[in-house]
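In what follows, a structure is listed as structure tokens, so that the remarks can point back to it.
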Amino acid sequence: MLMIFSNNPAVRDKYPDLVRYMDCDVQRVFVEVRDAVHMGAVLISHPLSGSIKPNESPYKSVAVDTPPKRGRQLDLKSLQIIEDAIVTLRKLPVKNRQYTDGMLEDFRVIDLDLISSVPPKN
């Protein structure tokens, strides 16, 4: 079943039944995705998708396929991808920028557009 981990209110509002919304930074979103992968989820979208570096945008959404109740084997490829994304994010300098409301809206729209292109899993 498709699940979206996101800190983007626009994604939460568009996909209320699919989103695990978190009021947090991008790193926390990645950590939550990693924890889901450890529980058997498989990445559907890449955590570093798009041309905006993860330390540039305050919003990020990542889609996963969650396991059935009986569970699933750990997907090593998904784990490697999300771990690499966390390492990449931690290597980037912290951006202490003050974003205008217009800039925040632009970041929300970009993230929503990226996650909307993810094909649903049956």
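Nothing fancy with the numbering, it's 1 onward along the sequence. Since this is a predicted model, take the numbers as computed values, not measurements.
Each side-chain hydrogen bond (donor to acceptor under 3.5 Å, both in side chains) pair with one or both residues in residues 30-42, not counting sequence neighbours, appears once here: R20-E32, R28-E32.
Within the model, atoms CD of E105 and OG1 of T100 stand 10.5 Å from one another, a figure rounded to the nearest 0.5 Å. Between N96 atom CG and N55 atom CG the span is 10.5 Å, to the nearest 0.5 Å. Distance check, rounded to the nearest 0.5 Å: CG of L79 to CG of D84 gives 9.0 Å.
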Candidate pair Y15 and L112, rule side chain to side chain contact (heavy atoms under 4.5 Å, CB included), full reasoning: CA-CA 10 Å; Y15 302 107; L112 175 61; 4.0 Å; yes
Derivation and outcome, side chain to side chain contact (heavy atoms under 4.5 Å, CB included), residues V33 and L43: CA-CA 8 Å; V33 170; L43 289 175; 3.6 Å; yes
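Between the side chains of S61 and N8, no donor-acceptor pair of N or O atoms lies under 3.5 Å.
Although no hydrogens or angles enter the test, the distance criterion places no donor-acceptor pair under 3.5 Å between the side chain of S6 and the main chain of V11. N7 places no side-chain N or O within 3.5 Å of a backbone atom of D23 that could act as its donor or acceptor partner. In this structure a side-chain-to-backbone donor-acceptor pair under 3.5 Å is present from S49 to H46. Remark: the backbone N or O of V42 is not paired with any side-chain donor or acceptor of D75 at under 3.5 angstrom. Using modelled atom types, no side-chain atom of D25 and backbone atom of P58 make a donor-acceptor pair closer than 3.5 Å.
Both V37 and L76 sit in one connected hydrophobic cluster of ILVMFWY residues. Membership requires side-chain heavy atoms under 4.5 Å apart, directly or through other members. V62 and L18 sit in two unconnected hydrophobic clusters of ILVMFWY residues. Membership requires side-chain heavy atoms under 4.5 Å apart, directly or through other members. In the hydrophobic clustering of ILVMFWY residues, with side-chain heavy atoms under 4.5 Å counting as a link, L89 and I82 come out together. Connection of M3 to I44 is not established within any shared hydrophobic cluster, with ILVMFWY side chains joined at heavy-atom distances below 4.5 Å, either directly or through further cluster members. Linking ILVMFWY side-chain heavy atoms closer than 4.5 Å, directly or via other members, places F30 and V64 in a single hydrophobic cluster.
Side-chain atoms of P54 and L92, non-hydrogen and from C-beta on, do get closer than 4.5 Å to each other. Taking the side chain as every heavy atom from C-beta outward, V118 and I115 approach each other to under 4.5 Å.
Closest heavy-atom contact between R108 and A10: CB-CB, 4.2 Å. Taking every heavy atom of both residues into account, S116 and K14 meet most closely at OG-NZ, 3.8 Å. V31 approaches R90 most closely through the heavy-atom pair CG2-NH2, 4.4 Å.
In this structure, L104 belongs to a hydrophobic cluster whose other members, linked by side-chain heavy atoms under 4.5 Å apart, are I52, Y59, Y99, M103, F107, I110, L114.
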